[in-house]
Amino acid sequence: MRWSQYFIPTLREDPADAEVVSHKLLLRAGVIRQLSAGIYSFLPLGQRIALKVMQILREEMNRIGGQEFYLPALHPAEVWQESGRWSAIGDDMFRLKDRKGADMCLGMTHEEIVTTIARNEIRSYKQLPQVWYQIQMKFRDEPRPRSGLMRLRTFIMKDAYTFDVDWEGLDRSFIDQREAYKRIFTRCGIRFSIVEASSGSMGGSESNEFVARTDAGEDLIASCPNCGYAANLEKATSRLPKIEDDAGPDGPDGSDGPEEFPTPGVKTIEDLARTPYLVAANRQIKSLVYFATIDGEPRPVLALLRGDHQLHEVKFGDALGSTAARPAHAEEIRELLGASAGSLGGVGAKANARKSNHNLLIVADLGLKDRRKMATGANKDDHHIRGVEIERDIEVDKWADLRTVESGEACPRCDTGVLEVFKGMEIGHIFKLGTKYSESMGANVLTADGKQAPIIMGSYGIGVERIITAAIEQSHDADGIIWPKSITPFDVIVTITNIKDEKLREAGEQLYKDLQHAGLDVLLDDRDERAGVKFKDADLIGIPYRVTVGKKIADSNVELFDRQAKQSENVAINEIVERVQKLALSA
RNA sequence: CGGGGCGUAGCACAGCCUGGUAGUGCGCUCGGUUUGGGACCGAGAGGUCGGAGGUUCGAAUCCUCUCGCCCCGACCA
């Protein structure tokens with residue numbers, strides 16, 4: 001392409017709306033323009049980049065036997081009602097009505113669609129396994145789109161679905177996908193980690209998240225440098241030193257059972273840890289009231305944790321099988337337990353709740369297991385209880401891992417590792433779905449022994465825009481983007497320093513043709529601009545190699561500039577094509 | 001949905017508090033001088049001041065409502 005005719009609207013200054021580096025550079029380099037919150041256009045440069053990424057996705061999917069589909073973006077409500085997700089998913093789904101008034105939605109993912117096809121067409125285990133995929137637009141009405149292409153309302157996603165006759169088959173399909181994902185991200189030049197993650201509303205038994213390590217990311221990952229354990233904080237666990245509670249009475253007066261004592265003005269864990277009470281935070285029970293939607297019904301839930309631990313709401317939701325949980329309001333808490341938030345506790349909480357006709361569920365973190373002689377609120381303002389032995393004194397309905405892992409805690413998998421917590425961006429997610437969709441939607445096959453069985457499914461997604469974002473976050477400098485060679489919009493840019501100089505112009509044009517014939521994507525900067533402007537622009541849009549056609553043409557030389565290394569060298573003009581070809585096409 | 005911020009020329013911003021001819025830099029057009037890391041001089045074009053209503057002789061500026069965008073939180077496959 002000739003830059004003089006090509007649309008690359010670069011900006012000298014950072015747009016005011018952009019916060020993260022990738023967003024600023026995508027706008028400044030003329031890759032994208034915003035239409036609305038979370039909705040962007042790919043400009044020609046952006047489209048080239050996206051096509052490169054999609055080509056890699058295609059190649060790697062095809063390599064593991066994937067078959068590409070083109071699936072509808074507009075869906076009738078029926079299929080989503082069948083799977084149960086029409087009601088399970090809230091405002092994240094774009095919903096609309098057609099002219100007849102029938103409910104429709106824009107697809108946020110396509111499990112329902114492929115399952116519909118599978119149940120109509122696949123009859124026998126002999127037709128399995130199948131690996132289907134699509135690379136298409138998805139729609140999600142994000143409550144808060146942000147950070148350029150990081151969190152979008154419409155975006156391109158590669159989604160793959162596998163269908164197997166048994167769980168062993170699913171395991172194989174899952175591993176195939178995981179290996180393909182490793183190749184994809186490696187080819188795209190992204191440094192990533194594979195982490196254990198919560199399956200959330202996708203359902204299913206096991207999931208791996210692919211995370212690009214970057215401070216611009218929104219996810220927190222705990223990982224062990226020693227054994228390689230890595231998990232999203234919504235799933236991560238750690239080994240805690242065991243606390244031995246001494247035997248014998250707890251109260252100062254020698255009483256053993258739970259004993260109420262006055263604590264005027266005490267509202268927090270810290271308050272109770274201070275003089276005159278001096279109850280260490282790890283001897284206290286933190287009590288949090290939530291309303292969680294379970295099986296479609298909002299229910300009050302009391303979450304109990306050690307005083308020095310933090311609740312992780314995703315783990316909490318997972319433990320309850322809840323799709324939505326929110327902290328209770330102050331008035332709700334008072335109505336439910338008869339005290340304000342600073343004085344709550346599990347002892348007698350169920351009875352208190354029954355008085356106001358509520359069926360309170362109590363979930364306790366595993367860190368409280370076997371603990372005794374603990375202190376907690378008395379469900380009576382300005383009073384606490386001490387000497388609490390949890391199993392004896394509190395009606396716990398469910399024990400679960402609810403706490404947030406912190407940096408520096410011991411690795412759960414190995415003996416010596418210490419966890420570090422870092423930020424990352426989710427760029428891919430693979431799920432073992434199992435039979436969630438095949439059962440609800442009736443996708444069965446006849447097995448070898450002649451019985452009907454639901455197809456075992458998996459689902460595997462990659463966000464194209466997120467790959468682009470991650471690549472920039474991980475590869476840029478003060479001058480602009482540095483594209484990985486695999487996804488760069490152009491392999492090389494030929495910069496003619498002075499377009500009015502006929503000699504330079506001719507040499508540049510010839511080089512442009514020669515490089516194209518060598519199979520490279522070439523951008524010719526033939527604009528009537530000063531050299532400095534062209535150099536700055538070339539750096540900004542991040543083409544890996546620049547060939548400068550300038551003064552040195554007198555010695556039959558051109559200059560080869562390496563964007564990554566920021567170094568240039570003189571190369572004889574009759575050697576430059578081969579040189580660039582070798583460089584650009586090497587991985 | 002809660003909290004905060006911002007909407008003035010293509011971009012970045014000033015002007016608003018204290019109402020009275022709408023400005024600056026970059027970019028753009030034309031002419032000239034320049035020509036290897038975002039040149040210089042001169043002359044220009046370009047703005048319903050997000051929108052609606054109100055107060056006022058007079059509103060970018062004050063008031064009310066509204067729309068949009070960004071950030072934090074909540075939420076999120």
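Reminder, nothing fancy here: chain letters follow the sequence lines and each chain counts from 1. Heavy atoms only: backbone and side chains are in, while hydrogens, waters and symmetry mates are out.
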With a non-hydrogen cut-off below 4.0 angstrom, is [X] in contact with a base, only sugar-phosphate, or nothing?
X	result
A:Thr548	base
A:Lys534	nothing
A:Gly550	base
A:Arg28	base
A:Pro9	nothing
A:Arg546	base
A:Asp91	nothing

Salt bridge flag under 4.0 Å for residues A:Glu234 and A:Lys315: no
Salt bridge present between A:Glu60 and A:Arg183 (N-O < 4.0 angstrom):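 So A:Glu60 pairs with A:Arg183 through a salt bridge.
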With respect to the phosphate group of [N], does any side-chain polar atom (N or O) of [X] fall under 4.0 Å of OP1 or OP2?
X	N	value
A:Arg530	B:A39	yes
A:Lys551	B:G36	yes
A:Arg146	B:C70	no

Heavy-atom side-chain contact between A:Arg403 and A:Leu311 under 4.5 Å: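 A:Arg403 vs A:Leu311: side chains apart.
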Paired with [N]: which nucleotide, if any, by Watson-Crick or G-U wobble criteria at under 3.5 Å for both distances?
N	answer
B:U48	none
B:C76	none
B:C69	B:G5
B:G36	none
B:C30	B:G42
B:A14	none

Test ring pair (Phe, Tyr, Trp, His ring centres under 6.0 Å) applied to A:Phe490 and A:Tyr6, step by step: CA-CA 13 Å; A:Phe490 291 97; A:Tyr6 201 58; 5.8 Å; yes
Side-chain donor or acceptor of A:Ser193 paired with backbone N/O of A:Val195 under 3.5 Å: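 The answer is no, because no donor-acceptor pair under 3.5 Å joins these two groups.
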Flag, side chain of A:Asp526 to backbone of A:Ser4, donor-acceptor distance under 3.5 Å: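 Flag set: sc A:Asp526 to bb A:Ser4 pair under 3.5 Å.
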Any idea which of [options] is nearest the [X] side chain?
X	options	value
A:Lys552	B:C69, B:G36, B:C26	B:G36
A:Phe535	B:U35, B:G37, B:G38	B:G37
A:Asp539	B:A12, B:G37, B:U34	B:G37
A:Ser147	B:C71, B:G37, B:C75	B:C71
A:Lys500	B:C13, B:U34, B:G25	B:U34
A:Glu313	B:A74, B:C71, B:G37	B:A74

Spacing between [X] atom [atom1] and [N] atom [atom2], to the nearest angstrom:
X	N	atom1	atom2	answer
A:Gln34	B:G7	CD	C1'	13 Å
A:Leu152	B:C69	CG	P	13 Å
A:Leu11	B:A9	CG	P	15 Å

Roughly how far apart, to the nearest Å, are [N] and [M] at atom [atom1]?
N	M	atom1	value
B:G10	B:G2	P	33 Å
B:A22	B:C49	P	11 Å
B:U61	B:G46	P	24 Å
B:U55	B:C30	C1'	47 Å
B:C69	B:U24	C1'	24 Å
B:G31	B:G68	P	45 Å
B:A9	B:A43	P	24 Å
B:A60	B:A45	C1'	23 Å

Plane angle bin for A:His429 and A:Phe431 - parallel if under 30°, tilted between 30 and 60°, otherwise perpendicular: parallel
